[in-house]
Every structure is written in structure tokens, then in C-alpha cells.
Amino acid sequence: MTSKELLYIDDALGHEQYFQTKCNEVISQLQDRELKTTVQQMQQTHQQIYQSFFSLLG
């Protein structure tokens, strides 16, 4: 992998971590179960995306 590709992956990992953190913050504040479930699904999706990017480094 080129250094530019590695920088892209590093940047993407940072964005996915940020999205997961924000989802978790929102989840802790939500009272509506349906909305909470939706945000939890979003958090899981971002976690899977993070894992996919991370696996490119292995």
C-alpha cells in the first residue's frame, strides 16, 4: 500500500471512531426506544466499517 493510501485509511478510521463515539453519546441520552434502536444500529454499522478498514492494515 502506498503512503497516501495508508493516510486515507488512517483518516477513515478516525472518522469511524468519531461516528461511533457520537452515536454512543446520543444513545445514552435517548428515551425513545425506537430511535435508540436506530442509533444503536448506526453505531454497529460504523463499528463494522471501522473493522473493515482496520483489516486492510493487517
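We number each residue from 1, following the sequence as shown. None of the values given here were measured: they were computed from a predicted structure.
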Asker: The criterion is side chain to side chain contact (heavy atoms under 4.5 Å, CB included); which residues satisfy it with D11, sequence neighbours excluded?
Answerer: H15
Asker: L6: which residues meet the side chain to side chain contact (heavy atoms under 4.5 Å, CB included) condition with it, sequence neighbours left out?
Answerer: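 Only M1, L57 meet the side chain to side chain contact (heavy atoms under 4.5 Å, CB included) criterion with L6.
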Asker: Mind listing the closest non-hydrogen atom pair of I9 and F53 along with its distance?
Answerer: CG2-O, 3.8 Å
Asker: Could you tabulate the donor-acceptor pairs under 3.5 Å formed by side-chain atoms of residues 30-38, not counting sequence neighbours?
Answerer:
unit_1	atom_1	unit_2	atom_2	d
D32	OD1	E34	N	3.1
D32	OD1	L35	N	2.7
T37	OG1	R33	O	2.9
T38	OG1	E34	O	3.0

Asker: Go through the structure and list residues passing side chain to side chain contact (heavy atoms under 4.5 Å, CB included) with T2, not counting sequence neighbours.
Answerer: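 Here the qualifying residues are K4, E5.
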Asker: Identify, with sequence neighbours excluded, every residue that meets side chain to side chain contact (heavy atoms under 4.5 Å, CB included) alongside Q47.
Answerer: Q20, Q43
Asker: Listed by chain and number, what are the ring pair (Phe, Tyr, Trp, His ring centres under 6.0 Å) partners of F19, not counting sequence neighbours?
Answerer: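 Once residues adjacent in sequence are excluded, the partners of F19 under the ring pair (Phe, Tyr, Trp, His ring centres under 6.0 Å) criterion are H46.
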Asker: According to a hydrophobic-cluster definition based on side-chain heavy atoms being under 4.5 Å apart (Ile, Leu, Val, Met, Phe, Trp, Tyr only), do I49 and M42 belong together?
Answerer: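 The answer is no; the residues belong to distinct hydrophobic clusters.
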Asker: If Ile, Leu, Val, Met, Phe, Trp and Tyr residues are connected whenever their side-chain heavy atoms lie under 4.5 Å apart, and connections chain through other members, are Y18 and L13 in the same group?
Answerer: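 No; tracing contacts between hydrophobic side chains, which count when under 4.5 Å, never links both residues.
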Asker: Who passes side-chain hydrogen bond (donor to acceptor under 3.5 Å, both in side chains) against K22, sequence neighbours left out?
Answerer: E25
Asker: Would you compute the distance between atom CD of E16 and atom OG1 of T21 and round it to the nearest 0.5 angstrom?
Answerer: 11.0 Å
